[in-house]
Amino acid sequence: MEKPNQTSPLVGFILLGLSAHPKLEKTFFVLILLTYVVILLGNGVLILVTILDSRLHTPMYFFLGNLSFLDICYTTSSVPLVLDSFLTPQKTISFSACAVQMCLSFSMAGTECVLLGMMAFDRYVAICKPLRYSVVMSKAVSVPMAAGSWAVGGVASLVHTSLVIQLPFCGANVINHFTCEILAVLKLACADISINVISMEVTNVIFLGVPVLFISVSYVFIIATILRIPSAEGKKKAFSTCFAHLTVVIIFYGTLFFMYGKPKSKDSQGADKEDLSDKLVPLFYGVVTPMLNPIIYSLRNKDVKATVRNLVSQKYFRR
C-alpha cells in the first residue's frame, strides 16, 4: 500500500458554514453569542458554588462541576471559530489549527459520554445502595472515575486526530461545516479511509453504545428501587433527580447518535450533499446542550439556588 503523502500541498481549509445562506449569518451570530455567554455564566456559577460551599462537596456535585467545566471547554474550542466565520468573508483555518480544534472537540465529546455514565452510576449507588454510598462513592473513588473519563476521551481523540492528519488532501480544502468536524474533514481525503471509518465505528460502540447500555441498566434498577419507596414525597424527590439526568442524557446522546450513528464519511459526494440540517444538528449539540445542562440538571436544584442566594447576599451585606 502506498504511504500517505506527508508533504501534502494543502496548508489550510475553507469553512463554508452558512455561506450559502448569508441572510442567516447575522441572526445566528447573535443567537450563538448570547448562548455562549449564558453557557459561561451558568456553568461558571455552578463551578463556583460547588467549590465555595462545603455542603456541596459531594460526589454528585463533584461530577456536575466536571460536567460544567467540560461544557465550557467544549464550547470554547469551537464557538469562537464559528462566530468568526459569521463575520469574516474569507473563512479560512490553517491545517494545524484545524487539527487542534478537531482534537479538542472530539476529546470533550468523548469525555462527556463517559462522564454521564459515571454520573448514572453515582445516582444508582445513591438510590439503590444509600447506606453504602459514602463508602462506594468516596473521594478515593470519584476522583479517579472523573480523571478516567477525561483520560479516555483524550486518548481516543489523539488516536483519531493522528489518523486524520496522516491522510493526504490533494487540493480539496473546502469543509462544508462550521468547524473542523472530523467526518466533514474525512470526506476531503484523497486516499482510502477504511481504517478511519472502522476506528470511528469502534469508537461509536465504546462511547455511545456502552455508556447508553450502562445508563439504561442503571436506571432499570433505579426505577425499580424508587417504585418500592413507600412515601409519595420520597418517590417524587428521587424521580426529580433522575429526570434531570435523563433529560441531559437524552439530549446529549440523541444528538450524537444522529451525528455519528450514520456512516456519513463513506459518502463520496461529500460537501455537495451536505444539507443545512446536517450542519445545524452539530451546532445544536455544540451550544444548546451545554447551555441546557446547568439549567436542567443543576440550577434547578434547591441546594445550588440556596448557595447562590447566600453568596449574593453575603457580598451585598459586605458592601
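Computed from heavy atoms alone, side chains included, the values below leave out hydrogens, waters and symmetry copies. Position 1 is the first residue of the sequence, and the numbers go up from there. Quantities reported herein were computed from a predicted structural model and do not represent experimental measurements.
- Pairing each heavy atom of T225 with each of I127, the nearest pair is CG2-O, 3.5 Å.
- For V164 against N196, the heavy-atom pair with the smallest separation is N-ND2, 3.9 Å.
- Both L52 and I47 are members of a single hydrophobic cluster when ILVMFWY side chains are connected at heavy-atom separations under 4.5 Å.
- Counting non-hydrogen atoms of neighbouring residues, nucleotides and ligands closer than 6.0 angstrom, the CZ atom of F239 exceeds 12 such neighbours.
- Counted by atom type alone, D53 and Y61 present zero donor-acceptor pairs between their side chains at under 3.5 Å.
- Between the E181 side chain and the H177 main chain, no donor and acceptor come within less than 3.5 Å of each other.
- Applying the side chain to side chain contact (heavy atoms under 4.5 Å, CB included) test to V143 and every residue at least two apart in sequence or in another chain returns F62, K139.
- The closest donor-acceptor contact from the side chain of Y133 to the backbone of R123 lies at 3.5 Å or more, if one exists at all.
- With sequence neighbours left out, the salt bridge (charged side-chain N to carboxylate O under 4.0 Å, His left out) criterion links R132 to no other residue.
- In this pair, F169 and F13 present their aromatic rings perpendicular. The plane angle is above 60°, beyond the 30 to 60° band.
- Using a distance-only test at 3.5 Å, with no hydrogens or angles considered, a donor-acceptor pair links the side chain of N43 to the main chain of I39.
- Without hydrogens or angle criteria, S157 side chain to C103 main chain gives a donor-acceptor distance under 3.5 Å.
- Few gaps surround NZ on K235; more than 12 heavy atoms of other groups in view lie less than 6.0 Å from it.
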Audit row: Y124, Y219, ring-ring contact (aromatic ring centres under 6.0 Å, His included) steps and yes/no | CA-CA 7 Å; Y124 162 77; Y219 271 98; 9.7 Å; no
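- Listed by chain and number, the residues in a disulfide bond (SG atoms under 2.5 Å apart) with C180 are C98 (sequence neighbours excluded).
- Using a 3.5 Å distance cut-off with no hydrogens or angles, the side chains of S105 and Q101 do pair a donor with an acceptor.
- Looking at T111 and Y74, their side chains never bring a donor and an acceptor atom within 3.5 Å of each other.
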